[in-house]
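Before any comments, here is the structure.
Values below: every heavy atom of this structure, side chains too, minus hydrogens, waters and symmetry copies. Naming: A, B, ... by sequence-line order, numbering from 1 per chain. Just so we're clear, the structure is a prediction, and the values are computed from it rather than from any experiment.
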Amino acid sequence: MISIKLDNVSLAYRLYEKLTLTAPDRRLGGLGGKIGRSGGKQVVQALEDVSFELKAGDRLGLVGPNGAGKTTLLKVLYGIYQPSAGTVAIEGKVDALFNINIGFRPEATGRRNIVLRGLISGWTEAEIQEKMPEIIAFSELGDFIDVPFKTYSQGMAARLAFSAATALDPEILLMDEWIGAGDAQFQEKAKRRMDELAEKAGIIVLATHNESLLESVCTKRMTLKNGRVEAFTTKPAERAGTRAKS
Amino acid sequence: MIAALNGAFDDISKAMRLHRVWIALAHEDIGDQHRRTTLGPLWMLVNYLAFIGTFIFVFKTKDTDSAGYTAYASIGLVVWFYLMEMISLSVPLFSREASFIQGTRLPLFVYVMRLTVQCIIRASYSVAGCIVILLLSGLGISAEWLLSIPGLLLIVLATPAIVMVFAFLGAFFPDAQFIVGNIMRVGTFLTPVFWAYHGQGGIQNYAYHWNPFTYFLEVVRAPIASGEFPTHPFVVTAYISLAFWAVALLLLGGYRKRVVFLI
C-alpha cells in the first residue's frame, strides 16, 4: 500500500561559516528556518515537528514563503536529508524532480541524458530503450533530443526532466516549483499526467507558489512557515474530483 | 562501529548494483574533458610522453645505464601521475558532485567509483605510452614484467579507499584542497619518481624510506627495473591500503548522511 507517514520530523543542521574578515550581517529577515546557536556553532532549524499522513491517491500541495522548508521537506521525503528527530515511513517507489539541472549533463544530448537519468533511477538499459520513444514524444522536443542539453531553454529542459521522471510510473512523485517553466500547453499536459498518476493510486507532493496549479492538481494543502506546519487542509472530495477531471 | 560498518557496506553494495551509472558517468567525464579537441583523450598520452621525454633528456647522464633509467623513470611517472591525479581530484570530489548529491539518492560510493574509473581510463593512456617507451628503450622484454601486475592490482584495489578518505577530508576541511595540492606538487620531487635511491644519506634517505608513495611506485617498477618481486614494498603497500580501507569504511558508515549538509 502506497503511503507516506511523518511523525514529529525535525531537521536541524550545522551551518558552516566561511572564514571571512568582514563583519557578519546579523539582521534577521522573515524568511527561512530559524538560525540558532548551540555551543558557539550556528544551527539552522529547517523543519520542526512536522507530522502528516498521505494515502494512495493524495495530491499534496506544499505552500509557504521562500525558505519555509518546502524543498527541505521534499528532500527529507526523498531520503536525501536524514531527519535529526522523528520518523519517516514511506511505502512506494519514489521519484523526484527538484532543480532542472540536477542529474543532467550539459554537454550530453537529451537522448543521452535520458539514458543517464534512467540508469541513475535504477532502470536497466532495455527498460530505458523501451521507454525512450514515449519520453521523446511526450517531451515534444523532436530533433532537439539529439542536441546537447546546454542548448535547451528552461522550458525545454523542464519538458525533458518531467517526461523522463514520470515515464517509469513512479508511485510517489515529489516535485519542486520549477514545473512552471514549461509553456501553458505543456503544463496542461503535465497536469493530465499527474492526474493519471494520482488516479493509479499514486501520491504527488508538489511545492509551489502557483495558486492555479495548486487548485487544479492538489487535493490537500499544507502551509509551512519557518519550518513548522501552519495549516493542513483537505479539499472537499467532490470538488477535487471534478477539478482533476477537468 | 558495527552500525557504521553496516551502513558503509550497504552504501557500497547499492553502488555496486548501480555499476552502469558510474561507468557511464566516468566515460562522460573523459568525453567532456576533451570535447572539441582534435586529439581527444590522446592528449593524455601526449602529456605523458612530453613529460617523460623531458625527464629522460635532462636527467640521463653518460654514466647511468640508459635503458635502465628510461624504464625506471617512465614507470615511476605512470604510477606517480596516477596517484597525483587521483588524490588531487579526490579532495574536491563531493563539492564537485554537489548537484547530484543534493538532488539524487545515489550512494556516495557511486561518486567514488566514478572517479576511480575515470582515473583508470586516464592512466591507461599513459600505460600504453609507457609500454611503447619500454619496448623502444632496448631493455628487452622479459617474463618478470608480469610480476608488476599484482602491484598494479593492489594500487587499483586501494584507489576507492584513498579517494574516499581524501573526499571526506575535503568535505570536512575545505583547506585540504590547497594543502594536498601543495604536498602533491612537492611530492613529485620528494618521491623517487625520476631519481633513484642508492643508499644516499640525508633528505633522500628519508624521502625514500618514510614516503608511502615510494612503496606504491616500487611494487610496479621493481619487477621491470630489477627483475625481482618487491616483497617488502608489496607488504607495506598492502598495509597502507588496508589502513585506508578501514578509515574509508568508518568514514562512509559514520558520515555519509552528513556530507549533503557540508557541500
| Would Phe100(B) and Ile120(A) count as a side chain to side chain contact (heavy atoms under 4.5 Å, CB included) if you check the C-alpha gap in whole Å, the side-chain angles of each, and the deciding distance to 0.1 Å? | CA-CA 10 Å; Phe100(B) 271 77; Ile120(A) 289 168; 3.3 Å; yes

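- Among the candidates Ile80(A), Leu74(A), Thr124(A), Leu119(A), the residue making the largest number of heavy-atom pairs closer than 4.5 Å to chain B is Ile80(A).
- Contact annotation for Tyr78(A): both backbone and side-chain heavy atoms come within less than 4.5 Å of a heavy atom of chain B.
- In the displayed structure, Lys14(B) atom NZ is contacted under 6.0 Å by at most 12 heavy atoms of other residues, nucleotides or ligands.
- Contact annotation for Arg35(B): only side-chain heavy atoms (C-beta onward) come within less than 4.5 Å of a heavy atom of chain A.
- Under a cut-off of 6.0 angstrom, the local environment of CZ in Phe261(B) is crowded, with over 12 non-hydrogen atoms contributed by other residues, nucleotides or ligands.
- Within residues 107-118 of chain A, the residues having any heavy atom closer than 4.5 Å to a heavy atom of chain B are Glu107(A), Ala108(A), Arg112(A), Leu116(A), listed by residue number.
- Using a 4.0 Å cut-off between charged nitrogen and carboxylate oxygen, Arg105(B) and Asp95(A) do not count as a salt-bridge pair.
- Enclosure of atom CZ in Phe144(A) is not indicated, since only 12 or fewer non-hydrogen atoms of other residues, nucleotides or ligands lie within 6.0 angstrom.
- The neighbour count for Asn182(B) CG, taken as heavy atoms of other residues, nucleotides or ligands under 6.0 Å away, is above 12.
- Using modelled atom types, no side-chain atom of Lys75(A) and backbone atom of Gly103(B) make a donor-acceptor pair closer than 3.5 Å.
- Interface remark: Arg17(B) contributes no atoms to any contact with chain A (heavy atom separation under 4.5 Å).
- At a 4.5 Å heavy-atom cutoff, Leu174(A) makes no contact with chain B through either its backbone or its side chain.
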| said: Go through it in stages, so that I can follow the logic: the residues are Leu25(B) and Arg105(A), the test is side chain to side chain contact (heavy atoms under 4.5 Å, CB included), and I'd like the CA-CA distance, side-chain angles, deciding distance and then a yes or no. | reply: CA-CA 9 Å; Leu25(B) 289 174; Arg105(A) 292 186 70 88; 4.1 Å; yes

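- Within a 6.0 Å radius of CD1 in Ile2(B), no more than 12 heavy atoms belonging to other residues, nucleotides or ligands are found.
- For Leu146(B), the CG atom sits in a packed shell: over 12 heavy atoms of surrounding residues, nucleotides or ligands are nearer than 6.0 Å.
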